[in-house]
Amino acid sequence: MPEEGRGPAAFLLSAPALVGLLLFVLLPFLLAVALSLTNLRLGSPLPLEWVGLEQYRRILNDPSFLHALINNLLFVLTVVPVQTVLALAMAMLLNQRLGAIAWFRVLFFMPVVFPLSLVAVVWVLIFAPGPDGPMNALLELISFGAWTPRDFLHDEQLALPAIMLTSIWQGTGFQMVVILAGLQAISAELYEAATIDGAGCWQRFWFVTLPQLRNTLIFVVLVTTILAFRLFDQVQIMTQGGPHDATTTIMFEAVQSAFARQQIGSGAAMTVVMFLVVLLLSLLQRRIASQEREVS
Amino acid sequence: MKRRLIIPFTYLCLLLCALLFISPIGLLLAGSLKPDDLVLVESGSWRALWPASASLDNYRDVFSRVDFTHYLLNSLFINGMILGLGLLLNSIAGYAFARLSWRGRGLLFNLVLAVMIIPLEAIAVPLFYIVSLLGWRDTYLVQILPFIANAFSIYLFYTYFIGMPRELEEAAHIDGAGVVRTYFTIILPNAKPVFASVAILTFLTQWGAFLWPLLVTSGESVRPLPLAIATFHGLPPLRWGDLFAFGVMMVLPILSLFLLFQRLFVRGVAATGIKG
């Protein structure tokens with residue numbers, strides 16, 4: 001039980017951090033909701049008015065915001081499964097007693113420490129147009145010359161996949177480390193018992209590894225999904241939303257609206273939409289994870 | 001028989017993955033040492049990863065074209081302040097929540113947990129509006145102050161402190177030590193792993209901070225490195241060698257820390273997944 005009789009001191013100890021959270025997270029969050037219900041536009045001669053859900057109605061009927069929403073969904077639906085499966089495969093490769101395995105762990109994790117802005121700049125070169133571009137050269141090599149060089153970042157079909165690949169390269173190591181910790185927490189006895197029962201490699205994976213890893217995987221999928229909805233840096237540097245809005249995202253549109261066009265109200269509404277998505281996913285994760293606990 | 005094949009196959013997969021993850025880094029490093037015009041030309045072959053005539057010319061060019069030292073100091077100062085103040089305030093708050101009993105504790109802790117899921121992106125617009133009204137744009141303050149208090153850090157400290165044995169604190173309590181002295185003499189020296197984890201996670205997210213500085217800074221004077229490289233990327237003439245030299249220098253502080261303390265990095269990141 002916590003110690004008694006130290007009330008005021010304890011409150012004072014936690015006060016600085018709590019004040020920080022209130023002023024710089026909670027207050028702006030409430031303000032985001034409030035501003036999204038107004039017509040606030042910096043430098044506008046129009047008087048500030050409550051407009052109710054008008055901003056939401058407007059952005060949900062705005063083709064460019066809907067386009068950004070769809071791009072963002074495509075990004076999430078591709079990056080999250082690919083990255084999770086890749087991270088799981090890599091974690092399983094690393095979860096073995098082999099020589100030099102620690103070195104491989106260092107190499108796989110290394111991209112995570114690279115700032116996204118730097119990663120984006122490097123991948124602009126990787127996606128350079130013409131036969132000299134590394135990605136073009138690689139595709140030409142593995143297709144035995146069948147690939148004709150493309151300008152990835154200026155190609156409506158290829159720009160978004162290019163950003164997806166960049167993000168997967170940078171992000172997989174993070175998920176891999178979390179999954180590896182989950183794998184290492186699985187008791188060896190479970191595998192021994194399964195082997196005695198005659199389970200093969202695949203069956204051990206299906207009936208021991210996956211169920212034991214369930215909560216870790218749910219967590220990893222959630223975090224990756226939330227990160228994917230926050231996509232901004234790579235877009236800003238690699239394509240600036242183009243070509244023809246092929247790579248816009250919710251955050252990119254919000255920044256365009258609030259900062260480039262000074263429409264604070266509609267920018268706030270966009271970020272609230274993003275928060276609602278994040279909130280929904282978090283609640284879903286908590287629900288699925290707690291169901292599991294009830295079962296076991 | 002089967003067993004003998006599995007190990008070489010595992011190594012083959014490991015090497016293939018390693019090649020995919022390491023080659024962009026090799027491209028960056030080799031490019032930073034090459035003459036500018038060769039970086040793109042050679043990037044489509046194995047030469048991309050090998051600087052035949054290596055020199056530090058690009059590094060010198062970076063310093064003559066932009067004030068790299070200034071950006072580096074900006075980044076170091078901003079990150080240092082967030083890290084130092086954040087570790088102190090968040091750990092003390094985590095301690096108060098985990099170990100002391102006071103009115104409102106449960107309610108406020110639930111508030112911390114609730115706030116944890118609000119990402120910066122969701123509040124960037126109103127926060128920008130607030131700091132504009134306060135006239136805080138283009139300052140260090142605006143890049144530091146909002147990021148000191150961190151709900152997730154408090155949560156990580158809380159879970160660590162709650163698992164610590166009580167005997168030490170009780171001894172200090174009997175000796176008449178107050179809360180603050182107990183914290184600094186008993187708790188802090190025994191909680192190095194959690195401090196390392198939180199420090200690493202903070203540094204990992206803050207060193208690359210891009211969106212917020214982009215919104216609140218316009219001049220060069222207070223801009224950090226991630227924004228500076230984006231600006232440098234757009235600064236004609238586009239010279240890949242210079243750009244990559246900038247990139248190598250920008251990642252060097254965090255990369256060398258990672259290579260020195262890689263076990264701590266991995267443990268710190270793994271700690272995010274172990275939820276109570």
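Every chain is numbered from 1 and lettered A, B, ... according to where its sequence line falls, protein lines coming before strand lines. Keep in mind that this is a model prediction, so the values were computed, not measured.
Contacts between A:Leu107 and chain B at a heavy-atom distance below 4.5 Å involve backbone atoms as well as side-chain atoms. Both the backbone and the side chain of A:Phe114 come within contact range of chain B, each with at least one heavy atom under 4.5 Å from a heavy atom of that chain. Only the side chain of B:Ile130 has a heavy atom closer than 4.5 Å to any heavy atom of chain A. Contacts between B:Leu211 and chain A at a heavy-atom distance below 4.5 Å involve backbone atoms as well as side-chain atoms. In this structure, the portion of A:Ser282 lying under 4.5 Å from any heavy atom of chain B is its side chain and not its backbone. With a threshold of 4.5 angstrom between heavy atoms, A:Met90 approaches chain B through side-chain atoms but not through N, CA, C or O. Of the atoms belonging to A:Leu30, not a single heavy atom falls under 4.5 Å from chain B. In this structure, chain A has a heavy atom under 4.5 Å from the side chain of B:Gln262, while its backbone stays farther away. The contact between B:Leu259 and chain A is made entirely by side chain atoms (from C-beta outward), counting heavy-atom distances below 4.5 Å. Interface residue B:Leu214: only side-chain heavy atoms are found under 4.5 Å from chain A. Of the atoms belonging to B:Ala48, not a single heavy atom falls under 4.5 Å from chain A. There is no contact between B:Phe232 and chain A, counting heavy-atom distances below 4.5 Å. For a residue to count as touching a neighbouring chain, one of its non-hydrogen atoms must lie under 4.5 Å from one of that chain's; by this rule B:Leu111 touches chain A with the side chain only. In this structure, chain B has heavy atoms under 4.5 Å from both the backbone and the side chain of A:Phe108. Only the side chain of B:Leu243 comes within less than 4.5 Å of a heavy atom of chain A; its backbone N, CA, C and O stay farther away. Neither the backbone nor the side chain of A:Gln175 comes within less than 4.5 Å of any heavy atom in chain B. With a 4.5 Å cut-off on non-hydrogen atoms, A:Ile250 does not touch chain B at all. Using a 4.5 Å cut-off between heavy atoms, B:Ile148 makes no contact with chain A at all. Of the two parts of A:Leu138, neither the backbone nor the side chain holds a non-hydrogen atom closer than 4.5 Å to a non-hydrogen atom of chain B. Looking at B:Val131, neither its backbone nor its side chain comes within 4.5 Å of chain A, counting heavy atoms on both sides. In this structure, chain B has a heavy atom under 4.5 Å from the side chain of A:Leu40, while its backbone stays farther away. A:Phe174 touches chain B through backbone and side chain together, each having a heavy atom under 4.5 Å away. Residue B:Ile154 touches chain A through its side chain alone, counting heavy-atom pairs closer than 4.5 Å. The part of B:Leu27 that comes within reach of chain A is its side chain, from C-beta onward, which places non-hydrogen atoms under 4.5 angstrom from that chain.
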> Can you check side-chain contact (heavy atoms from CB on, under 4.5 Å) on B:Tyr158 and B:Val112, steps first, answer last?
Replying inline: CA-CA 11 Å; B:Tyr158 168 85; B:Val112 172; over 6 Å; no

>> I'd like to know whether A:Gln263 forms a side-chain contact (heavy atoms from CB on, under 4.5 Å) with A:Gln55, so could you lay out the CA-CA distance, the side-chain angles of the two residues, the decisive distance to 0.1 Å, and finally the verdict.
In response: CA-CA 10 Å; A:Gln263 290 163 348; A:Gln55 297 285 13; over 6 Å; no

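Contact count versus chain B (heavy atoms, under 4.5 Å) is highest, among A:Ala137, A:Pro28, A:Gly182, A:Pro111, for A:Pro28. Put simply, of A:Thr172, A:Val223, A:Val106, A:Leu94, the one with the most heavy-atom pairs under 4.5 Å next to chain B is A:Val106. Heavy-atom pairs under 4.5 Å with chain A peak, among B:Ile118, B:Leu89, B:Ile22, B:Leu204, at B:Ile118. With respect to chain A, the highest number of heavy-atom pairs below 4.5 Å among B:Pro226, B:Cys17, B:Cys13, B:Pro24 belongs to B:Pro24. Ranked by heavy-atom pairs shorter than 4.5 Å toward chain A, the options B:Ala230, B:Gly104, B:Pro119, B:Ala114 are led by B:Pro119. Note: A:Val25 leads A:Leu27, A:Leu86, A:Val25 in heavy-atom pairs under 4.5 Å with chain B. Chosen from A:Val278, A:Ile237, A:Ile179, the residue pairing most often with chain B at heavy-atom distances under 4.5 Å is A:Ile237. With chain B as partner, the option from A:Ile101, A:Val113, A:Leu42 having the largest number of non-hydrogen pairs under 4.5 angstrom is A:Val113. Ranked by heavy-atom pairs under 4.5 Å with chain A, the list B:Ala96, B:Ser43, B:Gly247, B:Ala18 is led by B:Ser43. Per-residue counts of heavy-atom pairs under 4.5 Å with chain B were compared for A:Phe29, A:Trp169, A:Phe109; the largest is that of A:Trp169.
No side-chain donor-acceptor contact under 3.5 Å links B:Asp37 to the backbone of B:Arg239. Between the side chain of B:Asn90 and the main chain of B:Asn150, a donor-acceptor pair closer than 3.5 Å is present.
A:Arg286 CZ to A:Leu281 CG: the interatomic distance, rounded to the nearest 0.5 Å, is 12.5 Å. With values rounded to the nearest 0.5 angstrom, B:Met249 atom CE is found 12.5 Å from B:Tyr71 atom OH. Here the straight-line distance linking atom CG of B:Leu14 with atom CG of B:Leu19 works out to 12.5 Å at 0.5 Å rounding. Rounded to the nearest 0.5 angstrom, A:Arg230 CZ and A:Thr225 OG1 are separated by 12.5 Å. Between the OG1 atom in B:Thr205 and the CD1 atom in B:Ile200 there is a gap of 11.5 Å [rounded to 0.5 Å]. Put simply, CH2 on B:Trp212 and CD on B:Gln143 are 9.5 Å apart, with the number rounded to the nearest 0.5 Å.
At least one side-chain heavy atom of B:Trp240 sits less than 4.5 Å from a side-chain heavy atom of B:Leu238.
B:Leu88 approaches B:Ser91 most closely through the heavy-atom pair O-OG, 3.0 Å.
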Which pairs would a plain distance check flag for residues 118-129 of chain A, meaning a side-chain donor or acceptor within less than 3.5 Å of a matching protein atom at least two apart in sequence or in another chain?
none

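By the 30° and 60° cut-offs, the orientation of the rings of A:Phe259 relative to B:Phe128 is perpendicular. The aromatic rings of B:Trp102 and B:Phe97 lie tilted to each other, with the angle between the two planes from 30° to 60°. Ring geometry for A:Phe104 against B:Tyr11 counts as tilted: the plane angle lies between 30° and 60°, on a 0 to 90° scale.
Residues that satisfy the salt bridge (Lys or Arg N to Asp or Glu O under 4.0 Å) test with A:Glu140, not counting sequence neighbours, are absent from this structure.
Side-chain contact annotation: A:Thr271 with B:Glu121, donor-acceptor N/O pair under 3.5 Å absent.
Crowding of B:Arg263 atom CZ: a count of heavy atoms from other residues, nucleotides or ligands under 6.0 Å not exceeding 12.
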